[in-house]
Amino acid sequence: MGLKAIAVGIAIGLAAAGGAVGMGIVGGKAADGISRQPEMEGKIRTTLMLDLVFIETAIIYALLVVILVIFVL
């Protein structure tokens, strides 16, 4: 049980950290794009929100895998 807890902690930690870094990069690039082309703000913002949803979905999938590891294995 101890090694499983360590593995679960590392897995969800890496997923959350990777997602946070990815969201930061996407947000920074979106802000950069909007500052360069303010007339494209609507399209950039829509793409930004879609990308953030995909990143968050990947984190939620990692959480589901971790929950499966805790309760099934």
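Heavy-atom basis, side chains included; hydrogens, waters and symmetry copies ignored.
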Are Leu73 and Leu68 close enough, and set up right, to give a side chain to side chain contact (heavy atoms under 4.5 Å, CB included), and what steps lead you there? CA-CA 7 Å; Leu73 295 181; Leu68 284 174; over 6 Å; no

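Ala62 and Ile12 get closest at one heavy-atom pair: C-CD1, 4.3 Å. Of all heavy-atom pairs spanning Ile59 and Gly19, the tightest one is CD1-CA, 3.5 Å.
Thr47 contributes atom OG1, which lies 8.0 Å from atom CE of Met40 (distance to the nearest 0.5 angstrom). If you take CD1 on Ile55 and CD1 on Ile60, they are separated by 12.5 Å, rounding to the nearest 0.5 Å. Between atom NZ of residue Lys43 and atom CD of residue Gln37 there is a gap of 10.5 Å, rounded to the nearest 0.5 Å. Note that CE of Met23 is 10.0 Å distant from CG of Leu48, once rounded to the nearest 0.5 Å.
The number of heavy atoms from other shown groups lying within 6.0 Å of NZ (Lys29) does not exceed 12.
There is no path of hydrophobic side-chain contacts, each under 4.5 Å, that joins Ile44 to Val26.
Partner of Val8 under the side chain to side chain contact (heavy atoms under 4.5 Å, CB included) criterion, chosen from Leu3, Val65, Ile70: Ile70.
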